[in-house]
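Contents: one structure, followed by commentary.
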Amino acid sequence: MILVLLGPPGAGKGTQANLLTKQRSLVQLSTGDMLRAAVAAGTALGRKAGAIMERGELVPDDLVIGLIAERLDQGDAGQGYILDGFPRTIAQAEALDRLLVERGKQLDRVIEMKVDDDALVERITGRFACAHCGEGYHDPYKMPKVPGVCDRCGGTNFVRRKDDTEEVVRARLKAYHAQTEPLIGYYKAQGKLRGVDGMADIALVQKAINQALDPPEGAHKPPNSPG
Ligand code: ADP
Ligand code: ADP
Ligand code: ZN
């Protein structure tokens, strides 16, 4: 299964992608994570992308498309994947369609996660993650079960993203509305879009996504759909 999680910054894409990988044999492909790794490693791509990300703007399409194209050819993406944070522009969506056709695959579903802008600012400014394993948290919505200790790995150091300030979030939301929102119409026209209420609790959003992925018996399924 090939799945896109579409939604504004803070909608819960990373959180839900992580939960889905635990239930299905899918890998999570996050262009944000890949770009942050490139910045941390100081690669040529990272040097180009870093300043753009700090301003909350989108990294140029050709750079991000190149990153995804390379990633799709690594063996572990063969079973299926969840794209989290990609595509973010119509040009990226068109490139993804081409990349999949070239590989004899097709996109199965696009899940649009709907969350109000005010809630997004609260989500982003409360976000933090384990410095060791990257598990995501939120103050106050998803705190570690034992205060100060990561649920997944026991780590005790936590980090916040440099671009998770209110000012940069406003710029990221602007970029979302201008450049990414048009993808809703693009995927609606392809018949692949399903919307979920991203304002609900994490577990309820998870349930809604699973319902959108496994429609009831007898529902229309496109021919050649893998799984
Ligand atoms: P968010 O939590 O806002 O959804 P991400 O981790 O997905 O954040 O992305 C962080 C930043 O990385 C974005 O603000 C943007 O600068 C850059 N980025 C990530 N994915 C893309 C993409 N597909 N196209 C362009 N820029 C991207
Ligand atoms: P995205 O990847 O779309 O930017 P995240 O998954 O990182 O979003 O979620 C943003 C923040 O909001 C994180 O701190 C996360 O723990 C929290 N969060 C995610 N989903 C929910 C939810 N349904 N309700 C409350 N907080 C949430
Ligand atoms: Zn951890």
Side-chain angles (χ1 to χ4, degrees), residues 4-20 28-39 45-46 48-68 71 82-93 95-96 111-115 119-144 148-164 168-169 171-176 179-180 183 196-209:
V4 166
L5 293 184
L6 180 64
K13 302 181 296 296
T15 301
Q16 295 298 332
N18 180 37
L19 290 169
L20 280 167
Q28 176 181 358
L29 304 186
S30 157
T31 41
D33 287 348
M34 293 178 209
L35 289 166
R36 279 185 290 280
V39 172
L45 167 66
K48 280 186 209 157
I52 299 171
M53 293 167 76
E54 277 183 33
R55 290 196 300 271
E57 294 165 12
L58 294 187
V59 173
D61 288 332
D62 55 335
L63 299 182
V64 186
I65 292 164
L67 202 59
I68 277 286
R71 186 65 183 82
I82 308 158
L83 293 160
D84 151 19
F86 179 92
R88 262 177 152 98
T89 63
I90 293 283
Q92 291 179 21
L96 176 63
I111 305 286
E112 184 207 349
M113 304 180 64
K114 301 178 204 185
V115 179
L120 293 170
V121 173
E122 201 196 350
R123 294 255 184 107
I124 296 273
T125 52
R127 171 160 66 183
F128 61 102
C130 172
H132 182 65
C133 75
E135 182 73 14
Y137 294 97
H138 189 277
D139 186 0
Y141 300 129
K142 189 193 165 207
M143 291 296 279
V149 181
C150 175
D151 297 345
R152 197 208 288 186
C153 78
T156 53
N157 287 320
F158 295 89
V159 285
R160 281 178 193 271
R161 275 168 48 179
K162 215 170 177 179
D163 60 343
D164 275 354
V168 180
V169 172
R172 284 156 62 198
L173 285 173
K174 221 170 129 186
Y176 177 80
Q179 292 168 274
T180 309
L183 295 184
V196 302
D197 174 16
M199 297 288 286
D201 287 351
I202 292 174
L204 285 177
V205 177
Q206 189 188 2
K207 208 171 147 192
I209 292 176

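Below, all heavy atoms of this structure are taken into account, side chains as well, without hydrogens, waters or symmetry copies. Model, not experiment: these values are computed from the prediction. Order of listing sets the numbers, starting from 1, for every ligand and every atom in it.
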Using a heavy-atom cut-off of under 4.0 Å, does the side chain or the backbone of [X] touch ligand 1, or both, or neither?
X	value
M53	both
R161	side chain
V59	both
K13	side chain
L58	both
R127	side chain

Checklist entry - For ligand 1, which atoms sit closer than 4.0 Å to a heavy atom of E57? => result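 Taking each heavy atom of E57 in turn, ligand 1 has 15 (C), 16 (O) under 4.0 Å.
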
Item to check | Element-labelled atoms of ligand 1 that are located less than 4.0 Å from some non-hydrogen atom of Q92 | outcome: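 Atoms satisfying the 4.0 Å criterion: 22 (C), 23 (N), 24 (N), 25 (C).
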
Checklist entry - Among M113, Q206, K207, which residue meets the side-chain contact (heavy atoms from CB on, under 4.5 Å) test with V196? => result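 Of the listed residues M113, Q206, K207, the side-chain contact (heavy atoms from CB on, under 4.5 Å) partner of V196 is M113.
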
Any N or O on [X] sitting closer than 3.5 Å to an N or O of ligand 2?
X	answer
F128	no
T15	yes
V205	no

Next on the checklist: Below a 4.0 angstrom heavy-atom separation, can you tell me which part of D201, side chain or backbone, both or neither, approaches ligand 2?
Outcome noted: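 Backbone only.
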
Checklist entry - Of the choices G32, G85, A171, A49, which has the non-hydrogen atom that lies closest to atom 23 (N) of ligand 1? => result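 Looking at heavy atoms only, G85 sits closest to atom 23 (N) of ligand 1.
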
Next on the checklist: Tell me the nearest of T31, L35, D33 to atom 18 (N) of ligand 1, using heavy-atom distances.
Outcome noted: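 Looking at heavy atoms only, L35 sits closest to atom 18 (N) of ligand 1.
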
Next on the checklist: Tell me the angle that SG of C130 and SG of C150 form around the Zn ion (ligand 3), rounded to 10°.
Outcome noted: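 Value, to the nearest 10 degrees: 110°.
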
Checklist entry - To the nearest 10 degrees, how large is the angle at the Zn ion (ligand 3) between C133 SG and C153 SG? => result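 For SG of C133 and SG of C153, the angle centred on the Zn ion (ligand 3) reads 110°.
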
Checklist entry - Which heavy atom of the protein is the closest neighbour of atom 8 (O) of ligand 2, given with residue, atom name and distance? => result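 Ranked first by proximity to atom 8 (O) of ligand 2 is G12 N, 3.1 Å.
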
Checklist entry - Hey, what do you get for CG (L20) to OG1 (T15), rounding to the nearest 0.5 Å? => result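 One gets 11.0 Å once the value is rounded to the nearest 0.5 Å.
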
Checklist entry - Which atoms of ligand 2 are found less than 4.0 Å from any heavy atom of G14? => result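 Listed by number with element: 1 (P), 2 (O), 6 (O).
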
